[in-house]
Participant: 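Before I ask anything, here is the structure I am working with.
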There are 4 protein chains.
Amino acid sequence: MNKVILVGRLAQDPEVRYTQSGKAVASFTLAVNRFGGGQGQNNADFVPVVAWEKLAETCGNNLTKGQRVLVEGRLQIRSYEANDGQKRRIAEVVAQTIEFLERKQASSSDAGNIDVNSFGKDVFPDEEIPF
Amino acid sequence: MNKVILVGRLAQDPEVRYTQSGKAVASFTLAVNRFGGGQGQNNADFVPVVAWEKLAETCGNNLTKGQRVLVEGRLQIRSYEANDGQKRRIAEVVAQTIEFLERKQASSSDAGNIDVNSFGKDVFPDEEIPF
Amino acid sequence: MNKVILVGRLAQDPEVRYTQSGKAVASFTLAVNRFGGGQGQNNADFVPVVAWEKLAETCGNNLTKGQRVLVEGRLQIRSYEANDGQKRRIAEVVAQTIEFLERKQASSSDAGNIDVNSFGKDVFPDEEIPF
Amino acid sequence: MNKVILVGRLAQDPEVRYTQSGKAVASFTLAVNRFGGGQGQNNADFVPVVAWEKLAETCGNNLTKGQRVLVEGRLQIRSYEANDGQKRRIAEVVAQTIEFLERKQASSSDAGNIDVNSFGKDVFPDEEIPF
DNA sequence: TTTT
DNA sequence: TTTT
């Protein structure tokens, strides 16, 4: 069991890239507010999120900065070599499902579809994220 | 909502330290095996976990390397200044509950208490971890 | 581990009652939409939810029919004797935390607090729900 | 989001049945111990669990009464007509993933595979359970 | 109806 | 850096 469930807002628009084999990868940072915690000036965790393939494309097409979403996924720790030759570790959430908790932009006529919208179910990709 | 649920094995014995104000903090790395994923030589995520106060002490007293546990907590992203003066981010799971999924060492007489053992419920501490 | 996480809409206003000892208990039904599932006429699970004490009062004061919330709790199976003398079982979610995913009614001046709002953490009460 | 995560022991061996169209359905009751709760004589929730298709067969072949497992699934509320013609509701967890937390019976030769074993990912079936 |  |  490796399960992460986050509710937060996109801190930026998703970036969609492609691996050498053509798989889509979306990445964005999710701002997850803390409650009851330290009440400093920037009281949130900024969590890196990645999504693959069809889910990546749906992110690219439907999500924008500031939008609130629920992300379900797994916590992945990757090693990579930094510019200075040092090995570092990065944590990120690999999204398996994303639910809209609000629409991209509130149009005047969305009475029928303001419900939660769930999409995607992505699994363990075997390629590295192209950064 | 910021929820993480992991099942894995301690990659090392927990280390217990104390903040300046005397709060206990336990930290350990949890090896969470991947399934269906890349089947390389080291097919696990090594996730840093911290626990505070009473839960920290219970960790120190009851957990050892190799033991399987279920950790429920939240994902925290902290900034810190590295030795080279650079700002880096570290992700860790702040444990709220830990359940034993097996005993520290199978003694010959624990027939009655091999059940899951749940302890702790720790919340948003307002001090930094003393590294 | 006994964990339930639901996102849905209140199917009715919460009812708040009191035990003989004076503890508040709120109960409501949460409509949780299904996705990818059977697309019949009533495509949702109607889940009974109860909340205790302070959390119960917050529900009574802040939640209304139709409002979208995230409920975190545990699944409880209770036995009771039905009117016909038969023993039946009822399942319900005992809420531990509830997050608003939208406001009761959008007032014109909530720019600062439209964020997710989390409240409550309630535990294993030792009294029966007064039905 | 409709997510349930339970750790408990099988209260009985799974029963495997088949729908008219030939889909396998396994069902069993999971005894989930309560902690911190009422400490009466039967301090557990007995939760009905169903699994479909390949996951159902794996349950039938690998799980037995008393075994500890982790079940991830969704909470489903079904209506059915009782023998007395009354309409009743039943809650059950539709399993999506099951992890072994211990082996069926410790044979002398399972040194290599005593790890957590995860299997299955089942989705919204469109047939009724054949009771 | 029930697990340990 | 790492568990089984």
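In what follows, chains are A, B, ... by sequence order, proteins preceding strands, each numbered from 1. Only this structure's heavy atoms are used, side chains among them; waters, hydrogens and symmetry mates stay out.
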Participant: Between F:dT2, E:dT2, F:dT3, spot the one nearest the side chain of D:Ala11, thanks.
Facilitator: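 It is E:dT2.
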Participant: When the distance from CD1 of A:Ile77 to P of F:dT1 is rounded to whole Å, what number comes out?
Facilitator: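 Roughly 13 Å, once rounded to whole Å.
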Participant: Quick one: does D:Ile90's side chain get under 4.5 Å of D:Ile77's, heavy atoms only?
Facilitator: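 No; the side chains remain at least 4.5 Å from each other.
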Participant: Nearest whole angstrom, please: distance from the C1' of E:dT1 to the CD of D:Glu15.
Facilitator: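 Going from D:Glu15 (CD) to E:dT1 (C1'), I get 12 Å.
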Participant: Without decimals, in angstroms, what is the distance between B:Leu6 CG and F:dT3 P?
Facilitator: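 Checked: the CG to P distance equals 18 Å.
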Participant: Is B:Gly8 touching bases, backbone alone, or none of the nucleic acid, heavy atoms closer than 4.0 Å?
Facilitator: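 Counting heavy atoms under 4.0 Å across all strands, no contact is made by B:Gly8.
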Participant: Roughly, in whole Å, what's the span from CG in D:Leu63 to C1' in E:dT4?
Facilitator: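 For the pair D:Leu63 CG and E:dT4 C1', the rounded distance is 16 Å.
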Participant: With D:Arg89, which residues qualify under salt bridge (Lys or Arg N to Asp or Glu O under 4.0 Å), at least two apart?
Facilitator: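 With sequence neighbours excluded, D:Arg89 shows a salt bridge (Lys or Arg N to Asp or Glu O under 4.0 Å) to no residue whatsoever.
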Participant: Could you tell me the separation between the CG atom of B:Leu10 and the C1' atom of F:dT2, rounded to a whole number of Å?
Facilitator: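 After rounding, the gap between these two atoms is 11 Å.
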Participant: Look at the side chain of B:Asn33 and decide which nucleotide, out of F:dT2, E:dT3, F:dT4, has an atom nearest to it.
Facilitator: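 Given the options F:dT2, E:dT3, F:dT4, the side chain of B:Asn33 is closest to F:dT4.
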Participant: Among E:dT2, F:dT1, E:dT4, find the nucleotide with the atom closest to the side chain of D:Arg9.
Facilitator: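 Minimum distance to the D:Arg9 side chain belongs to E:dT4.
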Participant: I need the A:Asp84 CG to B:Asp84 CG distance, nearest 0.5 Å.
Facilitator: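 Answer for the CG-CG pair, A:Asp84 versus B:Asp84, is 7.0 Å.
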Participant: So, are B:Glu102 and B:Arg9 salt-bridged, with charged N and O less than 4.0 Å apart?
Facilitator: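 Judged by the 4.0 Å cut-off on N to carboxylate O distance, B:Glu102 and B:Arg9 do form a salt bridge.
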Participant: Just jot down the side chain to side chain donor-acceptor pair (under 3.5 Å) partners of A:Asn83, sequence neighbours excluded, or say none.
Facilitator: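 Checked A:Asn83 against side chain to side chain donor-acceptor pair (under 3.5 Å); zero matches.
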Participant: Does D:Phe46 lie flat on the base of E:dT1, that is, centres under 5.5 Å apart and planes under 30° off?
Facilitator: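 Here the ring of D:Phe46 and the base of E:dT1 are not stacked, as the 5.5 Å and 30° limits are not both satisfied.
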Participant: Closest to the D:Ala44 side chain: F:dT3, F:dT2, E:dT3?
Facilitator: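 Of the candidates, E:dT3 comes closest.
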Participant: Could you state the atom-to-atom distance from CZ of D:Phe100 to P of E:dT3 in whole Å?
Facilitator: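 Between P of E:dT3 and CZ of D:Phe100: 21 Å.
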Participant: What's the CG-C1' distance between B:Asn43 and F:dT3, to the nearest Å?
Facilitator: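 Answer to the nearest Å: 12 Å.
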Participant: Send over the distance from D:Asp13 CG to E:dT4 C1', rounded to a whole Å.
Facilitator: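 So the CG-C1' distance, D:Asp13 to E:dT4, works out to 15 Å.
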